[in-house]
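Note that this is a predicted model, so its numbers are computed, not measured. Each chain gets a letter, A, B and so on, in the order its sequence line appears, and its residues count up from 1. All values below come from the heavy atoms of this structure, side chains included, with hydrogens, waters and symmetry mates left out.
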Amino acid sequence: MPELPEVETTARGLIPILRGQKITTVQVRVKKLRWDLPKNLGRDLTDATVTAITRRAKYMVLRLDTGQNWIVHLGMSGRMHRINADQWQTPLKHDHLLLRLANDICVAFNDPRKFGMMDIVAADKIDIYRHFAHLGAEPLVRGFDGEYLFEQLQRRKIAVKLAIMDQKLVVGVGNIYASEALYRARISPKRPAHKISRAECDKLAQAIKDVLRLAIKAGGSSLRDYVQSDGKIGHFQDDFAVYGRTGQPCPACHKAKKPCKIEKFTQGGRSTFWCNNTQS
DNA sequence: CAATGAACCTGGTTGC
DNA sequence: TGCAACCAGGTTCATT
């Protein structure tokens with residue numbers, strides 16, 4: 001599910017709920033998600049106070065006053081949000097971890113497909129943490145621009161859509177926003193990465209920033225099960241130009257004499273959506 | 001090092 | 001109605 005905007009929205013939504021709060025009780029209801037949970041997860045979280053919540057790539061980083069960081073990845077179907085206190089006794093299906101805070105507010109991590117992950121990492125070891133060490137640029141910072149993108153794309157022969165989804169190049173762009181960004185930049189997802197011009201890289205870097213920022217503003221995209229921390233759904237799915245819109249008119253050329261339709265095909269085992277007329 | 005495909009899970013939808 | 005096949009937002013690992 002969650003790409004950068006959904007993780008960012010979730011993290012921001014958790015701040016008013018969790019920051020400054022002491023975790024009093026933890027229910028760990030499964031042994032593993034994508035991988036085994038840390039052996040002492042429940043013990044490490046119990047009695048800790050959450051001091052800050054940030055995001056790196058598609059990971060949430062919850063800083064604890066114990067000097068440790070609680071790392072949470074939502075995988076494909078994960079959510080983390082406030083629940084009613086009575087659900088503490090009768091958790092919903094796929095509520096894999098529950099927190100009770102000192103103020104009696106409860107929070108659940110729910111993940112039907114169990115592709116999420118959690119870890120505990122010491123604050124001074126976060127930079128060498130194995131899941132962070134090889135990540136590429138954050139797309140919403142200055143350093144990510146046409147120059148950087150061009151340099152990275154130059155040495156890859158894979159299709160540009162696959163390249164911008166590679167977390168070693170740029171983080172946070174997943175299957176939805178890759179299609180959406182390429183559409184905005186009017187670049188075909190099929191183009192070999194190293195054949196994208198420097199000028200096109202400027203456009204593409206800007207398109208990635210734009211689409212991610214707009215999606216964050218909209219509270220993320222809710223397809224099946226994504227909800228924000230307060231339980232509300234995001235609504236950027238209403239603004240998709242191409243994702244999931246096979247057969248529907250392309251927003252840029254639906255008024256043209258020859259109206260064209262959004263097409264779908266497979267790249268790297270994932271669906272790509274595009275307009276053959278608008279993008280080249 | 002780069003590219004490719006399978007694997008990890010559950011649930012919803014589609015088609016026979 | 002039943003059931004198999006296919007699809008879904010991500011990441012890692014083995015193999016070429």
The complete set of ring pair (Phe, Tyr, Trp, His ring centres under 6.0 Å) pairs with one or both residues in residues 36-56 of chain A, sequence neighbours excluded, reads none

Contacts satisfying ring pair (Phe, Tyr, Trp, His ring centres under 6.0 Å) that involve residues 41-63 of chain A (not counting sequence neighbours) are A:Y59-A:H73, A:Y59-A:F132

Hits for side-chain contact (heavy atoms from CB on, under 4.5 Å) against A:E263, two or more places apart or cross-chain, chain-then-number order -> A:W274, A:N276

Residues at least two apart in sequence or cross-chain that pass side-chain contact (heavy atoms from CB on, under 4.5 Å) with A:A102, listed by chain then number, are A:Q21, A:K22, A:T24

Exceeds 12 heavy-atom contacts within 6.0 angstrom, atom CD of A:Q248 = yes

Stems in DNA chain C, runs of 3 or more consecutive Watson-Crick or G-U wobble pairs with both distances under 3.5 Å, sorted by first number, are B:2-8 with C:10-16, B:10-16 with C:2-8

Could you give the [atom1]-to-[atom2] distance, from [X] to [N], as a whole number of Å?
X      : N      : atom1 : atom2 : result
A:K264 : C:dG9  : NZ    : C1'   : 14 Å
A:L223 : B:dG11 : CG    : P     : 18 Å
A:F236 : C:dG9  : CZ    : P     : 16 Å
A:L33  : B:dA7  : CG    : C1'   : 16 Å
A:Q267 : C:dA8  : CD    : P     : 13 Å
A:R113 : B:dT10 : CZ    : P     : 10 Å
A:F115 : C:dA8  : CZ    : P     : 13 Å
A:M76  : B:dG12 : CE    : P     : 15 Å

| field | N/O (side chain, A:H94) to phosphate O (OP1/OP2, B:dC9) under 4.0 Å | value | no

If only side-chain N and O atoms of A:S271 are considered, is one of them under 4.0 Å from the OP1 or OP2 phosphate oxygen of C:dA8? yes

Salt bridge (charged side-chain N to carboxylate O under 4.0 Å, His left out) filter on A:E151, not counting sequence neighbours, yields none

Flag the pair A:D145 and A:K209 as a salt bridge only when some basic side-chain nitrogen lies within less than 4.0 angstrom of an acidic carboxylate oxygen.
no

Closest non-hydrogen atoms of A:W88 and A:L99, given as atom of the first, atom of the second and distance, are CZ3-C, 3.4 Å

Heavy-atom contacts, protein to nucleotides 11-16 of chain C, under 4.0 Å, summarised as B (base), S (sugar-phosphate only) or - (none) per nt, yield BB----

Requested in this report: Between B:dA3 and C:dG9, how far apart are the C1' atoms? Round to whole Å, please.
Outcome: 23 Å

Same-atom distance (P) from C:dT11 to B:dG11, integer angstrom: 22 Å

Numerically ordered, the residues 150-159 of chain A set in heavy-atom contact under 4.0 Å with DNA chain C is none

Expected list for residues 182-191 of chain A near DNA chain C, using heavy atoms below 4.0 Å, is none

Residue set satisfying side-chain hydrogen bond (donor to acceptor under 3.5 Å, both in side chains) with A:S197, at least two apart, ordered chain then number -> A:E200

Quick note, side chain to side chain donor-acceptor pair (under 3.5 Å) partners involving residues 125-135 of chain A, not counting sequence neighbours, are A:D119-A:Y129

Quick note, side chain to side chain donor-acceptor pair (under 3.5 Å) partners involving residues 26-40 of chain A, not counting sequence neighbours, are none

So do [Y] and [X] actually touch side chain to side chain, heavy atoms under 4.5 Å?
X      : Y      : answer
A:S179 : A:P189 : no
A:F236 : A:I176 : no
A:Q267 : A:L162 : yes

Nearest-nucleotide check on DNA chain B, A:K168 vs A:G269; residue mapping nearer the 5' end is A:K168

